[in-house]
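Heads up: the structure comes next, in C-alpha cells.
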Amino acid sequence: MSRFITKTLSALTPYTPGEQPQDMKYIKLNTNESPFEPSEKAVEIAKEHERRLNLYSDPQCILVREKLAEIYEVDKDEIVLGNGSDELLFFSFKAFCDESRPAVFPDITYGFYPVFSEINRVPYKEIPLRDDFSVNIDDYSEKGCTIFIANPNAPTGKALPVETIEELVKNHPDDVIIIDEAYVDFGGESCVPLIHKYENIIVIRTFSKSRSLAGARIGFAIGAKGVIGDLNTIRYSFNPYNINSMTMAMAYGVLCDEEYTYKNCRTIMENREFVSNGLKSLGFEVIDSKANFIFAKTEKISGGKLYDELKKRGVLVRHFDKERISDYNRITIGTKKEMETFTETVKKILKAGEQP
Ligand code: PMP
C-alpha cells in the first residue's frame, strides 16, 4: 500500500477471490463455474461481433434485455445488466445503503457483502444462521435497513422457499430486499414473480453458473421499474458501457439456446446427487444443497488438511478459514468424470491418513 491511499480506504480488506491457477491443470472445483463450455450458438453469434469492436457497446443492452424479458415474463424496463452480478450487488449497496440505512445479511454468506459495505462506508449487521445453517427470517425484523439474502446461500447451498422470502418482503414495505439468486437454477425457487407484487424486492442473477459465461462477466437484476431505475442511475454515473459487445453477443446467444442450459443444470443436479452419496458413504456430513456445489465435512480429516491434500493431487476445492465453517470444504459440481476422480482422490487421502 502506498502512503497516498485515503485514510478511509487504508483499512479496507478486499475480497479474496478463489484461486485461478495458471501453473498446471487442476480439476477445478473451487469457484462454482460450469464445467461445460458456452453454447455453440453463443460462440457463433459472438464471432459475428468481433469486427464491430471499433464501436462502443449498446449502453441500453437492448437485445439481451428483450430476450431476458421474454424468458422471465417481465418488462424489459424491469431489467438491468451488470458486469457480473458482483457489479449489480455493488450498485445495490451504493443505491440503497448509507450511514443511516445499514446493510443486513447472514454471518455465513457471500464474502463480497461485507467488502461492498466497507468500500461504500456503510454500517452492516451480520445475523447468525441457525445451527443447521438455515436463515431464520424472524431474525430480520429490524426496519430501516437493506437486507441481502443469497438464495440458495453460499457457501452452504441451503435455500429458502419463495413464501418465506415473500413474508420478509411483506414485513419490510419500506426497505429494499435484495435476493441474490446466483445459484437458483440448480433446484431452488426463484423470487422473480414477486417483483410484480412488491416494489421493494430486487432479484439478482448471473450468467456465470448455469449459463457457462463466468469469464464473460455478465449478470442481471430484475425488479420493479422504480428500483431498477435507481440501479441505472448508479450505472450511468459509473460506466454506461459496462457490458462489452462480445459479452452481450455471447449472452444473447446463450439465451437463444435455453435447452442447452436446462440440460446442463439437470446434469449438474445428477452429479451433485452422485458425489453427495459418495461422500456420505465415506463418512462425510453433506449439507443438502440446491446449488452447483456442496458443503461437506468429516471428523476423519480437518477441512484445511483435506483442501491441502486434494490440491497436492491436482484437485482444487474451496476452504474458508472463518471459524464457524473451517471444518468444511465447498466442492463445485463438475462433470461425472471429475466427480468420480474427486471421490476416488478423497478415498485415497482418507486411507493414507489411516495408515500408521
Ligand atoms: N453471488 C454469489 C452468492 C456468488 O457466489 C457469486 C460468485 N462468486 C456472485 C454473486 C457473483 O457472480 P458473478 O459476478 O460472476 O455474476
Side-chain angles (χ1 to χ4, degrees), residues 14-20 28-35 38 61 64 68 79-94 103 105-117 119 126 129 133 135 147-160 165 177-188 190-191 202-222 231 235 238-239 242-244 247-248 250-251 254-255 261 268 287 289-295 316-320 322 325 328-333:
Y15 176 70
T16 314
E19 295 162 90
Q20 307 296 347
K28 203 173 168 303
L29 309 176
N30 69 328
T31 45
N32 300 339
E33 292 133 324
S34 170
C61 311
V64 176
L68 283 169
I79 301 174
V80 57
L81 301 193
N83 189 306
S85 55
D86 280 340
E87 189 180 58
L88 294 162
L89 287 164
F90 179 84
F91 290 170
S92 303
F93 277 86
K94 263 246 158 310
F105 40 82
D107 63 337
I108 308 292
T109 190
Y110 186 31
F112 238 133
Y113 301 165
V115 179
F116 284 152
S117 302
I119 196 167
E126 295 177 296
L129 295 178
F133 289 152
V135 172
I147 300 174
F148 292 79
I149 305 273
N151 193 48
N153 196 10
T156 64
K158 280 209 161 198
L160 289 173
I165 306 252
I177 315 292
I178 313 279
I179 305 298
D180 177 351
E181 291 190 352
Y183 300 106
V184 79
D185 289 333
F186 305 99
S190 176
C191 287
I202 299 179
V203 177
I204 297 190
R205 307 279 298 247
T206 181
F207 282 77
S208 297
K209 317 294 176 185
S210 56
R211 292 191 165 102
S212 300
L213 287 184
R217 311 304 302 127
I218 179 163
F220 54 105
I222 305 187
L231 293 180
R235 191 173 75 91
F238 172 69
N239 181 11
N242 61 337
I243 314 295
N244 72 71
T247 290
M248 243 183 289
M250 286 293 281
V254 169
L255 294 175
T261 297
I268 293 294
I287 294 179
S289 169
K290 295 271 189 264
N292 67 339
F293 56 82
I294 49 173
F295 205 45
L316 263 192
V317 296
R318 186 92 194 249
H319 178 257
F320 299 91
K322 198 166 185 164
I325 51 171
Y328 288 81
N329 276 294
R330 190 192 69 190
I331 303 128
T332 302
I333 308 298

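Whatever order the structure lists them in is the order used to number ligands and atoms, beginning at 1. These figures come from a predicted structure and were not determined experimentally.
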Next on the checklist: What does the 4.0 Å heavy-atom contact list look like for ligand 1?
Outcome noted: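 These residues qualify: Gly84, Ser85, Asp86, Leu89, Tyr110, Asp180, Ala182, Tyr183, Thr206, Ser208, Lys209, Arg217.
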
Item to check | Salt bridge present between Arg205 and Asp185 (N-O < 4.0 angstrom) | outcome: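 Between Asp185 and Arg205 there is a salt bridge, with a charged N closer than 4.0 Å to a carboxylate O.
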
Next on the checklist: One thing to verify: whether Glu33 and Lys28 come together as a salt bridge, which I'm taking to mean a side-chain N less than 4.0 angstrom from a carboxylate O.
Outcome noted: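 So Lys28 pairs with Glu33 through a salt bridge.
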
Checklist entry - So is Arg330 actually on top of Phe295's ring, under 6.0 Å and inside 45° of the axis? => result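 Pair Arg330/Phe295 does not count as cation-pi.
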
Next on the checklist: Within the 3.5 Å criterion, strictly below it, is a donor on Asn242 or Glu87 matched to an acceptor on the partner's side chain?
Outcome noted: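 On atom types as modelled, these side chains qualify, holding a pair under 3.5 Å.
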
Item to check | Sequence-distant partners of Ser117, side chain to side chain donor-acceptor pair (under 3.5 Å), two or more places apart | outcome: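 If we apply the side chain to side chain donor-acceptor pair (under 3.5 Å) test to Ser117, skipping adjacent residues, there are no hits.
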
Checklist entry - What about Phe93 and Phe90, are their ring centers closer than 6.0 Å? => result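 Judged by ring-centre distance (under 6.0 Å), Phe93 and Phe90 do not meet the cut-off.
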
